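The next block holds one structure in the form of structure tokens; read it before the comments.
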Amino acid sequence: MLQLKRIHKNRWILIWMLPVVTVLALFYLIPLLDAIRLSFTNERIGSSNFSYTLRSYTKVLTDPDLLIVLRNTLVFVVFTVFFQLFLGLLVGLLLETRLKGMGLLKVAMITAWVVPGVIAGITWNLLYSSAAWGVINNTIEFFGIERISFMTQPTWALTATIITNIWRGTGFSGIMQYGALRQIDPQLYEAASIDGATTMQRFFKVTLPLLKPMLMINLILITISTVNTYDAIWSLTQGGPGIATTVLSLQTYKTTFLRLQIGQGAVYAVLMILSSTIFTIIYLRKLKEQ
Amino acid sequence: MRKIILPILIIFIVSVLLCSCGEKTSQEPQEPVVSSSAVGTPGAPIQLRALIGDWNTTASTDEARKAYYEKKMMEWAKANPDVYIEIDVIPGGTTAQAMTKLITAASAGNPHDFANIDSQWVGNFHEAGVLTSIDDFLPDSEKSQYFDFTKAVTERDGKLYNLWAETGTLLYYYNKNYTKEAPKTWNDIFSLSEKIHASEETVTPFLTPAKGTAAAFCFLPFYWAQGAILFDPSDNFKPVFGKGGNRQAMIDSFTFIQEIIDTGATVPEIVGYEHKELQAEALAGRVATMIAGSWVASALDETWGYTSLPMQKEQQSSNITGGWTFGFLAQDDKKLQAAVDFVQAVYTSEDAMAERLPLHGYIPTRKDLFDREEFSTPFYKQIYKELEVGSARPATSLYPVVESLIEESIGKIISGETNIESLVDKMYQEVLSQYNEMQ
């Protein structure tokens, strides 16, 4: 009875929420559930015959390439997230100094963030290329340094991919942290200074603790977007050489659209969801502890 | 409240009146239109939906091509006032997504009436059973003009389903400053490489693309030239490249890639090279010989010659053909006739190909074009020779899988993987297992 009364009282809230709930269900929940359903099939694009089976899971989980793909993903995510967060913090602090030219820096940061992944990949390809037009290689060669095969050596290729993604995401991270820095009450710094705190002490005792909630949210958003990144990698290396830069998202794309195995592609997608969820749970627990 | 309701009511009534006026005018005869989203007379009794690559429409960013499509499409629209074609374009670089989307829509019973289909994807459409034969809508005199390599893709059980609109093939380019005659065999490449290294020249002796779809495209002629096949068309396109002589030919072809890296005949950087990177290397004078697309020839100057691809043995020859077809998915005869007429008028008739293909740098798929003066140059004579020995990529949905696995394997070999036999066996098991699941 009490619950009915509460529903009656909140009926307008429910009605106003209905469009959002509908959109979320139609465009997020149903595709998500369908991806999970597909992962339990052996469906192939273009073929109407399929059956419900665990074969897609066994094929993916017993594939020796999976370990390499998971390792690539872990390295890609950990380094990207760390540097995007760290460099973003530096950018935020730099913007907060309000020195001359900071407006330009803000524009540069936002530009890097809004550039579509495919364009970022193509641009960095022009920089890294060992061909006649490779900007970095031509520059270092001019100074008498030996050319670097960014796209040939597996370790270099993965490093090049990580640098590209750090470049893309640092702007977003920096702007987020700049916003949080501006919310810190200047009186707290004044009080710390009166108490004799040095610049470093003010950073570690005032700035960092107050930035932590934003850092955590930033961490979650960056992690999810990094796990999902495929466009920049595709246009930069197409996952090569071999599978040296193939991460989970790219393997999902390759399996689904190049090998047409939508069932197995869905398994990789489920693995992506799982990895994002695990990272998010760890971060949220940390946030709660603090 | 009235203050809000009254204006809304007025806007609604005015809108309804405007719409009804629009309906009246739509019944009047209308002028034909040509744009990147439609061709024909609006309101015409025959309405078609087409999916065409944006480069093959008035959306082309090249002025000459755009002018061609505007002219040809308007001519067709004026001659066919009873047809209206709504066009969806395929953006460049989205082939895989566009093809899978089209197959999915066609399998669900909601396809376009005709579509640009990449020749390597035609097999997927055959297997999905969504293509309609156009035998009754095209005279035999037209069908017989196409090169033999097209038939392996466009025909099934003797019936014609697609029109192959344009192609591209491979040539072996050589810089005459480094070699008067191009190497004919793999051993000749190694000899040239030794000569160049001994002379302390800084050029790379040999390049071949090893990135993306270009990797398999430039690799397969080595394999086919040994008399090997990937799939057996007489056994429902069963994969056979992991057995007997085919397996050995695949191992030998991969070993050649390994040897050109190990001997320094080429550079490991090829793993990041497609045709455009090779073209840049040639223009920068950093390569002596290279395998690249026929479309690269126009960018090179007279110091460059071109010839057939170097093979394991001198008497071997092979090449590969790419390009796009038009596939027909409509079931209605009137729609099919209109679609075939449109494709012929703008893309595949002798006159259309003669005018259109040079604008794109494409190669004709019809033999009769090579009788024309403009297609009788030494370049086109070489191309004719290549098309005669050229093979299309197999028309099975498993080909893209093999292509992707070949690219990965080449990347692994260049990165230092040495167990080629195991790579070939793994590729074969992967494709065979998919084939078995499909049966």
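In what follows, chains carry the letters A, B, and so on, assigned in the order in which the sequence lines appear, proteins first and then strands, with residues in each chain numbered from 1. Note that the structure is predicted; figures quoted are calculated from it, not measured.
Both the backbone and the side chain of B:Leu398 come within contact range of chain A, each with at least one heavy atom under 4.5 Å from a heavy atom of that chain. Using a 4.5 Å cut-off between heavy atoms, A:Leu260 touches chain B through its side chain atoms alone. Contacts between A:Ile262 and chain B at a heavy-atom distance below 4.5 Å are absent for every atom of the residue. Neither the backbone nor the side chain of B:Gln279 comes within less than 4.5 Å of any heavy atom of chain A. Contact annotation for A:Tyr253: only side-chain heavy atoms (C-beta onward) come within less than 4.5 Å of a heavy atom of chain B. Contact of A:Ser235 with chain B is made through the backbone alone, with heavy-atom distances under 4.5 Å. Looking at B:Lys276, both its backbone and its side chain come within 4.5 Å of chain A, counting heavy atoms on both sides.
The candidate with the highest count of non-hydrogen atom pairs below 4.5 Å against chain A, out of B:Glu430, B:Gln434, B:Glu437, B:Glu407, is B:Gln434. When the candidates A:Arg55, A:Lys254, A:Gln261 are compared by the number of heavy-atom contacts under 4.5 Å with chain B, A:Gln261 comes out ahead. Heavy-atom pairs under 4.5 Å with chain A were tallied for B:Pro400, B:Ser397, B:Ala128; the largest tally goes to B:Ser397. For chain A, the option among B:Gly272, B:Ala284, B:Pro268 with the highest count of heavy-atom pairs below 4.5 Å is B:Pro268. Taking B:Ser107, B:Ser404, B:Ala210 one by one and counting their heavy-atom pairs under 4.5 Å with chain A, the maximum is reached by B:Ser404.
Residues A:Thr237 and B:Lys211 have side chains that never bring a donor and an acceptor to within less than 3.5 angstrom of each other.
One distance of note links CZ of A:Phe257 with OG1 of B:Thr95; it measures 12.5 Å at 0.5 Å rounding.
Between A:Arg44 and B:Met438, some side-chain heavy-atom pair lies under the 4.5 Å cut-off. Side-chain contact between B:Lys101 and A:Ile45: absent, with no pair of heavy atoms (C-beta onward) separated by less than 4.5 Å. Contact of the B:Glu277 side chain with the A:Ser130 side chain is not registered, since no non-hydrogen atoms from C-beta on lie closer than 4.5 Å.
With a 6.0 Å radius and a threshold of 12 heavy atoms from other residues, nucleotides or ligands, B:Lys238 has its NZ atom at or below the threshold. Within 6.0 Å of CH2 in A:Trp113 there are 12 or fewer heavy atoms belonging to other residues, nucleotides or ligands. The environment of A:Trp156 atom CH2 is sparse: at most 12 non-hydrogen atoms of other residues, nucleotides or ligands sit within 6.0 angstrom. Around CZ of A:Phe79, the count of heavy atoms belonging to other residues, nucleotides or ligands within 6.0 Å does not exceed 12.
Here the shortest heavy-atom pairing between B:Ser433 and A:Lys59 reads OG-NZ, 2.7 Å.
A salt bridge links B:Glu408 and A:Arg259; the closest N-O separation between the charged side-chain nitrogens and carboxylate oxygens is under 4.0 Å.
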One pair to check against side chain to side chain contact (heavy atoms under 4.5 Å, CB included): A:Thr256 and B:Gln97. What are the steps and the verdict? CA-CA 10 Å; A:Thr256 308; B:Gln97 293 97 315; over 6 Å; no
